[in-house]
Amino acid sequence: MEIIKTTIEHLKQFLPFQKMSAEDLELLVSECEINYFSAGEIILDNDMNDPPSFFYIVKQGLVESQREAKDSEFHKNAFEFEEGEGFPFGPLLSHKPNGSQFVAITDTFVYQVPAKNFYALHRQSTVFRDYCEARLALLLEESKRIIQGQYVRSSTEQQTLSLPLGELIRRKPFSCPPDTPISEVLDIMDKTGIGSMVVVNPDYQPIGIFTLHDVLRRVSIAQKPLSTPIQDLMTAKPVTLSRHDLAYEAALLMARHGFRHVLLVEPQDKTLVGVVSEKDLFSLQRIGLRQLSAEIHAANNLDELKACIKQIDALSENMMSQGVAIRQLTSIIATLNDLILIRLIELNSLKHPAVQAIEFAWMAMGSEGRLEQLLYTDQDNGIIFKDSPNRDADRQHLLKFAHDVNHDLDKLGIPLCRGNIMAMNPQWCLSDTEWRRHFSRWIAEPDPHALLNSTIFFDFRGVAGHLSLAEDLKKWLVDLTSSEKIFLRFLTQNALNNRPPLGVFRDFSTNANDAIDLKINGAALLVDAARIMALQAGVETSNTVQRFEEAGPIFGLKEAEINGCIETFLFIQLLRMQHHFKQSRNNQPLSNEIKPSELDTLKKRVLREAFRVIRNLQSSLALKYRL
């Protein structure tokens, strides 16, 4: 009994055992034995006939699973297992023979559990069953919970912007048909104290909205007779969201467009189910996204915009402390940064009146183009303008304008691009015809310079100005590249030159500073893979998560693989964000380099798993393009 107790106490240091009941743990260890294997000795050999007879848990030492690499080094399946980790899950769960060879890399002790106990535990323990079927997801979730728990303050009792909007509906929405006189609408609004009236068609689908804000502007000042039907005064074609969408999406709409209300509909038939106001949203968090966006819109100089940027940084850390997911958080940061840029463009347009007559769009590249900005970022941007006989003259006006915008961004703390990929560079202030010519040449002649450009410029999106110019260019580019197999093959080969920094014997492969650059050696690998899949699949979005969601199934990835890639990317982004906050509080320069030696055991374990997911994804890419 003492051995069982000691074994249980040891296993309770690790997931998932630390979350399992005493009864489940007793079942796990009741018949287990401790075996020793010297370095180089095979613990479990591949077997083409029968499923494994035992489930193993590393007690001490290091084990590696090895599968023969027949076609490519990318196909090699070589995973390390250290203290607290179990194997082989796949063959046991599928009742199939084991195809890998598990070898002791160092002198190793293992807990050897009979397969019948493994199956009994799988049936009995929900925690163990969930872990078996989604090990990486559980590890990621636990690590993210710990990271965000480090930021929790007095706001822990508050709800978060991760709530489905349907949970914010407090009452049935007030609505009326389009021929209702404004007098009746005002009477209802006065008696009920509501701030908006939704106008619906006979199928109860919203076709317009009328708010208290409209009363002064559209009724009183315009002196409209009270018999006027509401359809003449409403805001037509209102923006709607599904009741299943998250609160942060409504907050982003309010911040970007200045809305005070968002209509909620059923996703299937688009019928009205509720109205969410800014008051509903911001009472959740005591954070005012729309208030902050209003301050940005009202800013008249760089000092005022700089103050807004400080608020964005503070807001970001506050939202992280309240559990807002990293995917939502990066979208919010990018949206607010867009508003800063839009206001900066508006202010500089006043100084350059000539550009007001030019049809152009400001394009964001890189992380800003993907809506994935963190705190540590620089400028990657360009301009697209409508081609005309005045092309050269238009370019000169736009270059002077862009010079001021780029340098103003630098003054606001968003540094100039060291590679000079900015709108003030004549190379990247181009007409729509010239942009198409550039992309066509890069695709037709995929030399190293062209491939480098593709990793930056293919992620563009329009931020300000005539956005249709950027949208049309994106559609043309995606249509072109989806059939360019040779270009995609070269692009893949280039992406595979950057490997996840997995070392040998449980170590990471680090740089001269004993660190890993989480952007270059982590996030960028997933960004590159998602871009390739999106270009092949004809998916226009630039966002990495959306690319995996939309292009992954077309590319042939299974749902579990897609979810693994997404969760891995978001974990790395979360780790980078945490690192930036820590550096900022310590008045250190921001960077993406972390030292694995300074990470706790769980983060190191999850990071290793994350890099393995990336390695498997690269194997899929290599197989697809026969590299």
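Given the structure is predicted, the values throughout are model-derived calculations rather than measurements.
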| Stepwise, does the side-chain contact (heavy atoms from CB on, under 4.5 Å) test hold for Ile340 with Ile309? | CA-CA 8 Å; Ile340 293 284; Ile309 287 179; 4.0 Å; yes
| said: What I want to check is whether the side chains of Gln583 and Ser591 have a donor and an acceptor closer together than 3.5 Å. | reply: yes
| field | Donor-acceptor side-chain pairing of Asp214 and Thr211 below 3.5 angstrom | value | yes
| message | If the threshold is 4.0 Å, N to carboxylate O, is there a salt bridge linking Asp187 and Lys191? | response | yes
| Checking Lys474 against Phe460: charged group under 6.0 Å from the ring centre and within 45 degrees of the axis? | yes
| message | Between Pro229 and Ile182, is there a side-chain heavy-atom distance shorter than 4.5 Å? | response | no
| query | Do we see a donor-acceptor contact under 3.5 Å between the side chains of Asn381 and Asn406? | reply | yes
| task | Check the pair Thr235, Arg218 against side-chain hydrogen bond (donor to acceptor under 3.5 Å, both in side chains), reporting the backbone distance first and the verdict last. | result | CA-CA 10 Å; Thr235 298; Arg218 298 183 179 180; 3.1 Å; yes
| request: Consider only side-chain N and O atoms of Glu295 and Gln311, and report whether a donor and an acceptor are under 3.5 Å apart. | output: yes
| said: Please determine whether side-chain contact (heavy atoms from CB on, under 4.5 Å) holds for the pair Arg547 and Leu526, giving the CA-CA distance in whole Å, both sets of side-chain angles, and the decisive distance to 0.1 Å. | reply: CA-CA 10 Å; Arg547 280 173 165 171; Leu526 290 159; over 6 Å; no
| said: Looking only at side-chain N and O atoms, does Asn543 offer a donor or acceptor that is under 3.5 Å from a partner on Arg370? | reply: no
| task | Evaluate salt bridge (Lys or Arg N to Asp or Glu O under 4.0 Å) for Asp404 paired with Lys351, printing each intermediate quantity in order. | result | CA-CA 9 Å; Asp404 288 352; Lys351 303 175 188 176; 5.8 Å; no
| query | Looking only at side chains, do Thr541 and Glu550 share a donor and an acceptor under 3.5 Å apart? | reply | no
